[in-house]
Amino acid sequence: MKSFRIFSAVVAVLFSFIFSTGLSAAIDSQAPVVKLRTSCQEGSITLDNCFTTMADLLNWTYGTRLPSASLPLFVDIGPGSFGGFTCNASGYITLRGAGRHNTVLGPTVVGLIGGGPGCTQLSFQDLSIVNNNGFAFQWNGSGSASHVNVELTGTIAAWWDITYANRSQHYWWNAVLNSTSNSGQSTFQVYGSVHRFYGGEVNLTAVGNGAQAVYVGNAGVPGELQMYGSAIRSKANPEATLSVLRGVQVDHGQAFHLHGGSIGVDATAAGNPNVSAEGIKGLTEIDDDGIPISTSTVHVLEAAYVLKPKGTGTASRVLGLAPGFQASVPFLWGNGPTPPTIISQKGADMFIETDCSSVGCQTAGAETHLLVYNGSCSGSGGPWFDVVTGACR
């Protein structure tokens with residue numbers, strides 16, 4: 001009897017240990033919600049449906065769980081740093097972190113290089129994705145995703161995508177994209193996909209020539225980036241070797257829209273003595289009759305500009321766009337005694353000069369005259385046409 005009591009006590013202690021330490025925790029193969037934590041231990045409890053590495057989570061997701069439209073997967077990610085997310089097919093996964101800078105994922109890649117089935121209905125929320133040696137996020141091929149309250153930071157680019165056949169589609173809310181891009185690279189690189197970007201910002205600190213914050217490139221299919229209430233900023237890294245710094249570039253057949261936002265280009269910190277600052281650059285083609293035409297669609301309405309070249313570098317608000325229905329970039333610089341020294345598109349810029357006389361704005365007076373940008377006007381008056389006098393300033 002004594003030995004039985006001892007055995008019973010041992011069993012009781014063992015069961016108490018199992019339940020108190022959570023060793024009974026398990027992974028449900030069809031769990032709709034799982035956790036990613038730096039530790040699955042909360043006090044004396046081991047959490048069910050919990051993973052401690054992104055690799056283990058992905059192995060289970062694609063080897064066992066197999067998310068689908070009828071059985072999507074939600075991943076609740078706690079504070080900490082984790083590996084990069086990958087998706088080669090299917091999709092239907094939501095990753096929600098504990099807040100930007102609290103939850104940090106590594107370099108993330110979606111889709112297969114060269115094409116293949118896309119990942120659809122992915123969602124990234126309340127987290128950061130960081131790559132200190134390259135691209136933060138790469139998206140290959142088709143599919144769709146939403147990006148809510150996320151921050152992407154890469155040394156080459158924050159975002160890069162390419163379309164092989166069907167265009168991927170993306171929605172962004174309150175997102176921040178950062179990069180320290182080298183020559184020819186960009187923070188936000190779009191090649192043939194479709195984006196809707198609301199209330200966010202794109203930041204470039206350029207360390208090489210020919211970089212821009214936003215690049216809508218040609219992948220053989222028409223891509224489109226629409227931004228609303230967002231800021232685009234390019235600045236030169238101190239002592240960077242630059243001759244040109246740009247905010248946005250739009251290639252042939254591509255479309256860029258910015259409504260209610262700002263474009264700032266500041267080249268003053270560059271190492272070169274003379275650096276040009278360009279707001280938007282489109283690419284112009286020559287048709288069979290030798291006439292320049294623009295296949296870039298650029299609509300920028302109700303946006304502000306800050307363009308700061310260095311030395312004798314020029315400030316160009318809009319370059320390379322053939323005037324017409326594809327280019328809608330009107331801007332009023334404001335009012336004052338001297339119009340800005342800029343390069344722009346004919347008829348796109350206006351300025352109210354406040355110290356004109358009845359015969360023109362180069363004669364002192366008290367009248368106000370409306371000036372319209374016209375590159376055909378030359379001489380000391382600058383590229384401005386005075387609509388009151390009907391002549392170049």
Side-chain angles (χ1 to χ4, degrees), residues 134-137 152-162 172 175-193 195 197 200-219 223-227 230-237 240-258 261-272 275-284 294 296-300 303-310 313-321 327 329 342-345:
F135 297 92
F137 202 129
L152 278 55
T153 302
T155 54
I156 296 179
W159 173 275
W160 178 94
D161 67 48
I162 189 167
W172 303 79
V176 178
L177 279 62
N178 310 303
S179 78
T180 52
S181 294
N182 246 314
S183 299
Q185 298 292 343
S186 311
T187 303
F188 196 179
Q189 299 188 41
V190 174
Y191 290 90
S193 56
H195 294 258
F197 195 95
E201 56 187 71
V202 181
N203 301 307
L204 164 70
T205 302
V207 297
N209 201 41
Q212 49 270 314
V214 172
Y215 182 63
V216 187
N218 194 331
E224 182 175 69
L225 170 58
Q226 293 189 13
M227 303 182 71
S230 299
I232 297 171
R233 304 185 186 95
S234 293
K235 66 178 182 179
N237 191 61
T241 302
L242 301 172
S243 61
V244 176
L245 182 61
R246 188 175 300 119
V248 179
Q249 180 165 318
V250 187
D251 274 1
H252 303 299
Q254 311 306 303
F256 172 73
H257 300 254
L258 175 63
S262 63
I263 298 177
V265 182
D266 186 351
T268 56
N272 295 54
V275 183
S276 294
E278 299 177 354
I280 304 171
K281 183 176 182 179
L283 295 185
T284 300
S294 174
S296 304
T297 298
V298 178
H299 293 167
V300 178
Y305 294 82
V306 177
L307 305 174
K308 296 181 179 180
K310 183 177 181 181
T314 57
S316 304
R317 190 175 74 86
V318 182
L319 288 173
L321 297 176
V329 287
I342 59 162
I343 296 172
S344 188
Q345 177 180 287

I would like to know whether V248 and V250 meet side-chain contact (heavy atoms from CB on, under 4.5 Å); could you show each step before the answer? CA-CA 7 Å; V248 179; V250 187; 3.9 Å; yes
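- Using a 4.5 Å heavy-atom cutoff, the side chains of I280 and V298 are in contact.
- Residues T187 and Y215 form no side-chain contact, since every pair of their non-hydrogen atoms from C-beta on lies 4.5 Å or further apart.
- Among N178, L245, V265, the single residue meeting the side-chain contact (heavy atoms from CB on, under 4.5 Å) criterion with L204 is L245.
- Between atom CD of residue E278 and atom CD1 of residue I263 there is a gap of 12.0 Å, rounded to the nearest 0.5 Å.
- The aromatic rings of W159 and F188 sit perpendicular to each other, their planes meeting at more than 60°, with 30° as the lower class boundary.
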List the steps and the verdict of side-chain contact (heavy atoms from CB on, under 4.5 Å) for V202 and F197. CA-CA 10 Å; V202 181; F197 195 95; 4.2 Å; yes
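- Counting only N and O atoms by type, the side chains of T180 and T155 include no donor and acceptor under 3.5 Å apart.
- Looking at S230, its side chain does come within 3.5 Å of a backbone N or O of G200 through a donor-acceptor pair.
- Annotation: side chain of E201 is in contact with side chain of R233 (closest heavy-atom distance under 4.5 Å).
- The heavy-atom pair separating G282 from S296 by the smallest distance is CA-OG, 4.3 Å.
- Listed for the N237 side chain is no donor-acceptor partner under 3.5 Å among the backbone atoms of A206.
- In plain terms, the two heavy atoms of G223 and Q254 that are nearest each other are N-OE1, 2.6 Å.
- Exactly one of L177, V176, T153 qualifies for a side-chain contact (heavy atoms from CB on, under 4.5 Å) with N203. That residue is V176.
- Taking each heavy atom of A270 and L242 in turn, the nearest pair found is CB-CD1, 4.0 Å.
- Side-chain atoms of S234 come within 3.5 Å of backbone N or O of R246 as a donor-acceptor pair.
- The two residues S276 and G313 make their nearest non-hydrogen contact at OG-CA, 3.7 Å.
- For the pair S179 and A158, the tightest heavy-atom approach, listed with the atom from each and the gap, is CB-N, 4.0 Å.
- There is a side-chain donor-acceptor pair under 3.5 Å between S193 and H195.
- Here the CG-NZ distance, from D251 to K281, works out to 10.0 Å after rounding to the nearest 0.5 Å.
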Let's go through V244 and V275 carefully: what are the C-alpha distance in whole Å and the side-chain angles of both, what is the deciding distance for side-chain contact (heavy atoms from CB on, under 4.5 Å) to 0.1 Å, and is it a yes or a no? CA-CA 5 Å; V244 176; V275 183; 5.7 Å; no
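- Closest approach of T268 to P309, counting heavy atoms only: CG2-O, 3.7 Å.
- Surrounding NZ of K310 are more than 12 heavy atoms belonging to other residues, nucleotides or ligands, all under 6.0 Å away.
- Checking side-chain atoms of D161 against main-chain N and O of Y191 turns up a donor-acceptor pair under 3.5 Å.
- The shortest distance between side-chain heavy atoms of F256 and Q249 does not fall below 4.5 Å.
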Run the side-chain contact (heavy atoms from CB on, under 4.5 Å) check on L319 and I343 step by step: do they pass? CA-CA 8 Å; L319 288 173; I343 296 172; 3.6 Å; yes
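- Atom CG of residue L225 and atom CH2 of residue W172 lie 10.0 Å apart, to the nearest 0.5 angstrom.
- Proximity of a side-chain donor or acceptor of N272 to a complementary backbone N or O of S243 within less than 3.5 Å is not detected.
- Interatomic distance, CD of Q226 versus CG of L258, reported as 11.0 Å (0.5 Å rounding).
- Under 3.5 Å, the side chains of S186 and Q212 contain a donor-acceptor pair of N or O atoms.
- A side-chain donor-acceptor contact under 3.5 Å links R317 to the backbone of V329.
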